[in-house]
Amino acid sequence: LVSIIISLYNREGLIIETLYSVDNQSYRPIECIIVDDGSTDQSRLVVEEYISKYSGDVRFKYYYQNNKGAQAARNLGSRKARGGYFQYLDSDDILYKDKLTLQVQAFQKNTNIHGVYSDWKIGTKLKSKSVISDMAINKDSLINYITKGPLVNFSPLLTRYAINSIGPWNEKLTVNEELEYHIRFYCKEFKFCYVNYESGLYREHSGVRLNQNNSFKNLYYYFSHVEKLLRTSGLWTSAVGVVMSNQILFSVMHRRYKQKKLRLPLLLKALEYNKDVLPFQSSKVKIISLIFGKRIALKFWLLTLKYI
């Protein structure tokens, strides 16, 4: 049994096509658990009407919770699921017909693996482009994955054992939640298999994605949390630190948030990871650092920063 877990929030105009893609799967048996995270539009009525009229063999189940975020919705769905395989799916995305069939077959051929992932498309039903998953999930490719990841939420099919082993989705995270979730598979040294198939469509639309609260505060929590995960599991290296430092710098240079005072703690963390982080490649910043200290030097760099 494959359990498809859909986290739903204000998708009255998109959720039906997502449910159609579930019913259209060539694989059986399937149960589909829809967790509504406190939608304020007509999503609940749309889903309940669909289920009441549905006459196929997919076991659709609908649950409602007060708004707690996508991770909380996924966790509730996981607790309700009965399948041996778990398929997470956002309410605005679409699975392609043979996604589950091909990935379950991969499990049957490779009994020592814990997850199967595939390529996907991004765009609209009329115009989309392919995204190739060129990173294997194993400790040797960790830097590549952090740099190029994450896998889109619906790409991997996961075993119940793996899900139970790495624990629930982190409900404190509101940024990079999928990246953090998959990093935990590295920490457990689980094995994944790649299937050459475009597994679904990550839909671009005018609505807000489930998690787009990328404030500096949330970014700081994410980087601190992932650092702790990797250090605890023995996967932290100086090379990983450089990659994380570059990601912090990228975030600071591309985001214009009201919480500007939190940029400095982020940059200090980047400097902690990599003493040659970009600001300190400037001779002026180096001189100011020598005279007044690193904090003042970074404040000077922020004042001269031009957002990309």
Side-chain angles (χ1 to χ4, degrees), residues 71 115 117 119-120 122 131-153 155-156 166-167 169-170 172-192 194 202 211-257 259 262-282 285-286 289 294-295 297-298 301-302 305-308:
Q71 281 73 267
Y117 66 99
D119 306 326
W120 64 91
I122 182 170
V131 180
I132 307 299
S133 302
D134 65 345
M135 67 288 284
I137 295 187
N138 58 63
K139 64 179 182 180
D140 296 328
S141 63
L142 176 62
I143 291 177
N144 189 45
Y145 185 72
I146 293 176
T147 304
K148 296 183 178 180
L151 295 171
V152 72
N153 191 33
S155 171
I166 69 164
W169 290 80
N170 188 332
K172 294 181 180 179
L173 275 177
T174 59
V175 57
N176 295 343
E177 70 280 359
E178 291 161 2
L179 185 56
E180 182 272 344
Y181 190 71
H182 296 150
I183 284 173
R184 282 188 260 158
F185 287 100
Y186 283 93
C187 296
K188 291 286 185 178
E189 297 189 13
F190 283 144
K191 295 181 179 179
F192 274 60
Y194 167 75
Y202 180 93
N211 280 323
Q212 288 189 343
N213 187 11
N214 301 346
S215 69
F216 287 123
K217 180 180 179 181
N218 294 324
L219 285 166
Y220 187 88
Y221 171 74
Y222 163 76
F223 285 113
S224 299
H225 173 69
V226 169
E227 177 191 357
K228 183 178 179 180
L229 279 177
L230 296 178
R231 288 190 185 278
T232 301
S233 61
L235 294 178
W236 183 270
T237 64
S238 58
V240 170
V242 170
V243 170
M244 297 274 280
S245 175
N246 290 337
Q247 288 188 332
I248 289 175
L249 196 65
F250 179 88
S251 299
V252 170
M253 294 177 70
H254 283 73
R255 305 178 194 279
R256 304 184 185 214
Y257 293 122
Q259 301 169 310
L262 294 176
R263 295 180 302 176
L264 183 58
L266 263 177
L267 286 174
L268 287 169
K269 183 163 285 294
L271 183 60
E272 176 187 328
Y273 296 161
N274 175 20
K275 64 181 179 63
D276 294 319
V277 68
L278 180 61
F280 280 83
Q281 293 177 18
S282 161
V285 172
K286 285 182 178 179
S289 176
K294 295 174 182 178
R295 294 180 68 91
L298 286 173
W301 183 79
L302 283 171
L305 174 63
K306 293 182 180 180
Y307 289 101
I308 297 174

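For clarity, every value in this text was computed on a predicted model and none was experimentally measured.
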Distance flag, aromatic centroids of F185 and Y181, threshold under 6.0 Å: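 Close enough - the centres of the two rings lie under 6.0 Å apart.
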
Counting only N and O atoms by type, is there a donor-acceptor contact under 3.5 Å from the side chain of [X] to the main-chain atoms of [Y]?
| X | Y | answer |
| --- | --- | --- |
| Q71 | K172 | no |
| H182 | E178 | yes |
| Q247 | F223 | no |
| T232 | K228 | yes |
| S155 | L151 | no |

For a 4.5 angstrom cut-off between non-hydrogen side-chain atoms, does [X] reach [Y]?
| X | Y | result |
| --- | --- | --- |
| N274 | M244 | no |
| F190 | I166 | yes |
| V240 | L235 | no |
| T237 | L230 | no |
| Y222 | T174 | no |
| L302 | L267 | yes |
| C187 | I183 | yes |

When rounded to the nearest 0.5 angstrom, what is the spacing between [atom1] in [X] and [atom2] in [Y]?
| X | Y | atom1 | atom2 | result |
| --- | --- | --- | --- | --- |
| I122 | W120 | CD1 | CH2 | 9.0 Å |
| S245 | L266 | OG | CG | 10.5 Å |
| N176 | S251 | CG | OG | 7.5 Å |
| S233 | R184 | OG | CZ | 12.0 Å |
| L271 | L249 | CG | CG | 11.0 Å |

Minimum-distance pair of heavy atoms, taken over all atoms of [X] and [Y]:
| X | Y | answer |
| --- | --- | --- |
| Y273 | G241 | CB-O, 3.2 Å |
| P265 | Y220 | O-CE1, 3.6 Å |
| E177 | W169 | O-CZ3, 3.8 Å |

side-chain contact (heavy atoms from CB on, under 4.5 Å) between L229 and Y186, worked out: CA-CA 10 Å; L229 279 177; Y186 283 93; over 6 Å; no

N153 and Y202: side chain donor to acceptor below 3.5 Å: no

Any side-chain donor near an acceptor of the partner, Y221 and N170, under 3.5 Å: yes

Pairing residues for L268 by the side chain to side chain contact (heavy atoms under 4.5 Å, CB included) criterion, not counting sequence neighbours: L264, R295, L298

Side chain to side chain donor-acceptor pair (under 3.5 Å) partners of N246, counting only residues at least two apart: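 By the side chain to side chain donor-acceptor pair (under 3.5 Å) rule, N246 matches no residue at all.
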
Pairs satisfying salt bridge (charged side-chain N to carboxylate O under 4.0 Å, His left out), at least one member in residues 266-280, at least two apart: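 Residue pairs with at least one partner in residues 266-280: E227-K269.
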
side-chain contact (heavy atoms from CB on, under 4.5 Å) assessment of L179 paired with Y145: CA-CA 9 Å; L179 185 56; Y145 185 72; 3.4 Å; yes

